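Got a structure for you, questions after.
Not measured: the values here are computed from a predicted model.
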Protein chains: 2
Amino acid sequence: MRRMTARPANAHQAKLLKLLRDGGPNSRAQLGDEIDLSRSKLAVEVDRLLETGLVVADGLAASRGGRRSHNVRLNPGLRFLGVDIGATSVDVAVTNAELEILGHLNQPMDVREGPVAVFEQVLSMAAKLRASGLTEGFDGAGIGVPGPVRFPEGVPVAPPIMPGWDGFPVREALSQELGCPVMVDNDVNLMAMGEQHAGVARSVGDFLCVKIGTGIGCGIVAGGDVHRGVTGSAGDIGHIQAVPDGRPCACGNRGCLEAHFSGAALARDAVEAAQQGLSEELASRLAANGTLTAVDVAAAAAAGDATALDLIREGGNHVGQVIAGLVSFFNPGLVVIGGGVTGLGHNLLAAIRTQVYRQSLPLATGNLPIVLGELGPTAGVIGAARLISDHLFSPA
Amino acid sequence: MRRMTARPANAHQAKLLKLLRDGGPNSRAQLGDEIDLSRSKLAVEVDRLLETGLVVADGLAASRGGRRSHNVRLNPGLRFLGVDIGATSVDVAVTNAELEILGHLNQPMDVREGPVAVFEQVLSMAAKLRASGLTEGFDGAGIGVPGPVRFPEGVPVAPPIMPGWDGFPVREALSQELGCPVMVDNDVNLMAMGEQHAGVARSVGDFLCVKIGTGIGCGIVAGGDVHRGVTGSAGDIGHIQAVPDGRPCACGNRGCLEAHFSGAALARDAVEAAQQGLSEELASRLAANGTLTAVDVAAAAAAGDATALDLIREGGNHVGQVIAGLVSFFNPGLVVIGGGVTGLGHNLLAAIRTQVYRQSLPLATGNLPIVLGELGPTAGVIGAARLISDHLFSPA
DNA sequence: CAACTTTCTCCACTCTCAGGACAAAGGCGA
DNA sequence: TCGCCTTTGTCCTGAGAGTGGAGAAAGTTG
């Protein structure tokens with residue numbers, strides 16, 4: 001199939017495309033109810049979208065008491081590629097224009113191997129998805145990387161955990177390889193966009209999305225849009241001081257949040273606890289696997305291990321304290337917790353909630369849900385697809 | 001003079017009004033250079049603005065090598081009232097449409113006396129300004145209050161330091177009394193808008209404006225717009241924990257930033273130091289006045305008093321640590337320090353800078369100016385005038 | 001005073017868009 | 001099955017929005 005190259009010609013068309021993408025109505029009549037246009041003008045714009053091929057006719061809608069409406073839908077052949085590069089693994093997924101996942105692959109990987117090696121892997125995963133018959137090509141791709149990005153150019157800048165990527169032209173390189181438009185963003189921002197599109201943050205305009213994995217980051221959505229900051233490093237909360245004169249951190253300071261709680265810190269603390277004989281449960285798991293991860297701690301806690309629970313609680317307190325400050329500052333309508341440690345579940349959530357509800361202003365917390373992300377590992381790739389579709393569904 | 005009731009009829013007119021307000025060009029030709037319109041269309045819109053009376057002809061511009069252009073300007077009779085209600089004093093100013101201050105009054109006052117008493121004072125100050133011949137009435141008024149505001153309705157909600165104001169219909173009441181449109185906002189947001197309009201933050205789209213007075217607050221500007229949060233309490237950083245298990249705070253928690261550094265906390269610490277005999281300078285001032293304020297500490301520091309310097313430094317460290325976290329989180333392009341304690345000047349600034357530059361990410365601080373506000377006590381009233389003019393210079 | 005530049009006005013033309021008239025298509029009760 | 005209703009889609013007219021060119025008006029410069 002030849003790839004789509006058309007873009008909406010004006011704001012009306014862009015809005016129609018986004019309505020269709022976001023699961024709104026798909027009959028011409030109901031589209032008219034949601035857009036501020038006369039029926040005649042709407043018909044003209046829909047016809048033009050049909051001409052471009054971005055939208056196709058889709059039979060007749062059920063009657064609402066009179067003549068049946070003609071349905072339209074986004075071209076079912078459109079395919080977006082969503083890539084979520086984490087510190088230790090990579091997710092690649094294919095979606096249709098409604099951003100539904102048609103195929104999804106996950107592979108372990110070390111981002112420090114550098115952009116060339118990682119790109120090779122991403123491209124081979126994309127090729128595998130293509131080979132499975134989902135599509136012959138992509139109309140656009142979104143990609144998230146675990147570090148700050150100069151957004152307009154799609155280039156990582158000074159990323160602490162992926163030094164080899166500094167200045168690498170991710171957008172340009174991937175666009176060249178795939179032959180389609182590409183947008184690049186921080187992985188945390190994409191997770192936020194994913195939860196906003198299809199997860200717990202649907203229809204929330206101001207929220208924070210805290211991703212706790214190997215590191216800790218925070219996606220900031222203000223007024224419906226992602227806030228990236230002037231150098232693309234907004235949301236980098238891993239190195240906020242959580243404990244004065246606390247543990248030394250890789251960044252050179254002491255007491256950083258990330259040094260006290262993150263996937264890596266939790267694993268380290270669990271190993272220490274096991275070695276000190278504080279927990280038989282953890283010790284036996286350590287003996288069995290030679291190492292421990294957040295998953296082991298979660299399992300131990302679920303089995304009732306007090307030490308594991310303490311580790312989770314203590315970590316949750318630290319995260320919660322930092323989040324409490326951010327809540328006072330930003331006054332969000334929702335806080336989403338996601339990332340690798342969501343397996344810690346409600347023990348973690350309870351600790352975070354306790355801190356936030358105790359420390360932040362009542363006015364800011366009065367009606368503030370603090371919840372786990374709904375999409376798990378698919379949030380990133382859905383957010384990536386959303387990123388590129390937002391781009392392509394805007395006037396050129 | 002009859003007050004203006006006209007509003008711009010469309011976005012073009014709104015943009016023209018804002019260009020004229022913000023000190024842009026005022027010749028028709030140069031307006032054309034800054035707006036995306038053909039000359040013919042521009043002429044039509046300018047003529048319509050002339051008809052409404054919002055804009056008046058203003059002679060001829062100097063030649064740029066050919067025919068001289070016709071100047072226009074905002075109606076010189078337009079008058080905005082800017083009101084900045086602080087915890088312990090109130091500022092009232094009259095501006096023209098370009099937001100230049102024509103008259104300014106400041107009076108001590110206790111906001112806890114409640115809205116009725118404060119309103120009476122504000123109205124009498126406004127009357128005094130009117131009586132001085134500056135204007136016979138107002139085309140609009142902006143008012144800032146030291147607490148969270150439900151912005152669309154212009155109503156304070158759950159304000160900690162002004163309990164009697166909760167739910168008081170500030171906007172409606174003032175509008176009734178003055179007979180003109182009124183907008184209400186948090187005083188810190190107005191300070192940010194003031195510095196954005198006429199101060200150090202000109203042409204900066206993302207910045208933080210930290211106001212340290214009786215309390216501590218932070219104006220957040222993201223993408224050129226003030227971020228107010230879902231309940232209007234965004235920027236309320238006074239109760240972020242700065243010192244674990246630190247001093248008890250009025251809010252019930254311990255170690256809040258405000259409990260460790262603010263105008264009130266600094267005065268309290270200075271009195272303590274004087275009583276403990278740590279500083280002759282402070283002790284003699286205490287003996288002379290019976291009390292101490294931030295001004296005394298600033299003077300003592302300027303005179304070389306080590307204890308006063310220590311107090312400033314320690315306070316600056318606390319504020320700086322919190323700001324460091326906010327900088328990592330928000331990644332602003334500028335941090336402005338303002339409020340009553342700006343008298344502490346560069347000693348305070350140095351402490352804050354040290355903390356921020358040491359603790360925040362290099363990428364976020366690399367090109368980050370941290371500066372004192374430029375407008376001092378006029379920032380609030382200018383911001384208030386800006387608020388109402390933004391409102392009135394938008395299509396109805 | 002001629003040649004050039006800049007600014008302003010006027011006009012013709014295109015495009016957007018709303019809203020009404022009307023046709024097409026379906027539901028529903030008698 | 002036949003009217004009568006509702007809903008949907010199409011066509012047409014007319015009001016504005018907006019562009020761009022022609023040319024007049026007003027200045028500068030040599």
Side-chain angles (χ1 to χ4, degrees), chain A residues 6-20 24-74 393-396, chain B residues 6-20 24-74 393-396:
Chain A
R7 295 276 288 276
N10 57 41
H12 298 313
Q13 294 185 14
K15 179 155 189 187
L16 288 168
L17 291 173
K18 287 174 184 169
L19 279 172
L20 291 170
N26 61 347
S27 76
R28 292 166 89 114
Q30 285 188 311
L31 284 171
D33 298 341
E34 303 221 4
I35 198 171
D36 192 23
L37 276 181
S38 65
R39 274 187 320 199
S40 34
K41 179 61 177 165
L42 174 68
V44 169
E45 295 300 350
V46 171
D47 287 344
R48 286 182 188 164
L49 284 174
L50 287 167
E51 276 174 36
T52 66
L54 283 168
V55 159
V56 298
D58 190 35
L60 292 170
S63 168
R64 292 199 295 180
R67 176 173 174 176
R68 294 165 66 193
S69 177
H70 291 236
N71 277 345
V72 293
R73 59 173 298 191
L74 291 171
F393 290 172
S394 297
Chain B
R7 294 276 288 274
N10 58 42
H12 299 313
Q13 293 184 15
K15 178 154 189 188
L16 288 169
L17 291 174
K18 287 175 184 169
L19 278 172
L20 290 170
N26 61 346
S27 76
R28 294 166 87 115
Q30 285 187 312
L31 283 171
D33 298 342
E34 304 222 5
I35 198 170
D36 192 25
L37 276 181
S38 66
R39 276 194 317 248
S40 27
K41 179 62 178 165
L42 173 68
V44 170
E45 296 298 350
V46 172
D47 287 344
R48 287 180 188 166
L49 284 173
L50 286 167
E51 276 174 37
T52 66
L54 283 168
V55 158
V56 298
D58 191 35
L60 292 171
S63 168
R64 292 201 293 180
R67 175 175 173 176
R68 294 164 67 191
S69 176
H70 291 234
N71 277 346
V72 293
R73 60 172 297 192
L74 292 171
F393 290 173
S394 296

Task: Of A/Leu60 and A/Asn10, the one whose closest DNA chain C nucleotide lies more 5' - done: A/Asn10

Open item on the list: Taking the nucleotide of DNA chain C with the nearest heavy atom to each, does A/Asp36 or A/Ser63 sit closer to the 5' end?
Closed with: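 Upstream on the strand: A/Asp36.
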
TODO: Taking heavy atoms of chain B and a 4.0 Å limit, find me the 5'-most and 3'-most nucleotide of DNA chain D within that range.
DONE: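 The footprint of chain B covers D/dA17 to D/dT28.
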
- [ ] In whole angstrom, give the distance that lies between atom CZ of A/Arg39 and atom P of C/dA21.
- [x] 12 Å

- [ ] Kindly give the heavy-atom pair with the smallest separation between B/Leu60 and B/His70, and that separation in Å.
- [x] CD2-CD2, 3.7 Å

Task: Interatomic distance where CZ belongs to A/Arg48 and C1' belongs to C/dC17 [whole Å] - done: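 My rounded result for the distance is 11 Å.
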
Task: Rounded distance (Å) that lies between atom P of C/dT7 and atom CG of B/Asn71 - done: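 Going from B/Asn71 (CG) to C/dT7 (P), I get 12 Å.
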
- [ ] Tell me what B/Ser69 touches on the nucleic acid: a base, only sugar-phosphate, or nothing, going by heavy atoms under 4.0 Å.
- [x] sugar-phosphate

Open item on the list: I'd like to know if B/Arg67 reaches the base of C/dT6 with its side chain, counting only an N/O donor and acceptor under 3.5 Å.
Closed with: no

Task: Sidechain N-carboxylate O distance under 4.0 Å for A/Asp47, A/Arg28 - done: yes

- [ ] Give a yes/no answer on whether the side chain of A/His12 brings an N or O atom under 4.0 Å of OP1 or OP2 in C/dC17.
- [x]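 The answer is yes; a side-chain N or O of A/His12 sits under 4.0 Å from OP1 or OP2.
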
Open item on the list: Using whole Å, what does the distance between atom P of nucleotide C/dC28 and atom CZ of A/Arg68 come to?
Closed with: 13 Å

TODO: Look at the side-chain N and O atoms of B/Ser40 and state whether any lies under 4.0 Å from the OP1 or OP2 oxygen of C/dC8.
DONE: no

Task: B/Ser394 and B/Lys18: CA distance, side-chain angles, deciding distance, side chain to side chain contact (heavy atoms under 4.5 Å, CB included) verdict - done: CA-CA 9 Å; B/Ser394 296; B/Lys18 287 175 184 169; 3.5 Å; yes

TODO: Could you walk me through whether A/Val72 and A/Leu31 pass side chain to side chain contact (heavy atoms under 4.5 Å, CB included), step by step?
DONE: CA-CA 10 Å; A/Val72 293; A/Leu31 284 171; 4.0 Å; yes

Task: Protein-nucleotide distance (B/His70, atom NE2; C/dT9, atom C1'), rounded to Å - done: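 Atom-to-atom, B/His70 to C/dT9, this comes out as 11 Å.
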
Task: Contact summary for B/Asn71 and B/Ala61, nearest pair of heavy atoms - done: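 Of all heavy-atom pairs spanning B/Asn71 and B/Ala61, the closest is OD1-CB, 3.3 Å.
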
- [ ] Provide the closest heavy-atom pair for B/Leu74 versus B/Val56 in the form atom of the first, atom of the second, distance.
- [x] O-CG2, 4.3 Å

- [ ] Rounded off to whole Å, could you give me the NZ-to-C1' distance for the B/Lys41 and C/dC15 pair?
- [x] 13 Å

Open item on the list: Taking the basic N atoms (NZ, or NE/NH1/NH2) and the acidic carboxylate oxygens, is any pair closer than 4.0 Å for A/Glu45 and A/Arg48?
Closed with: yes

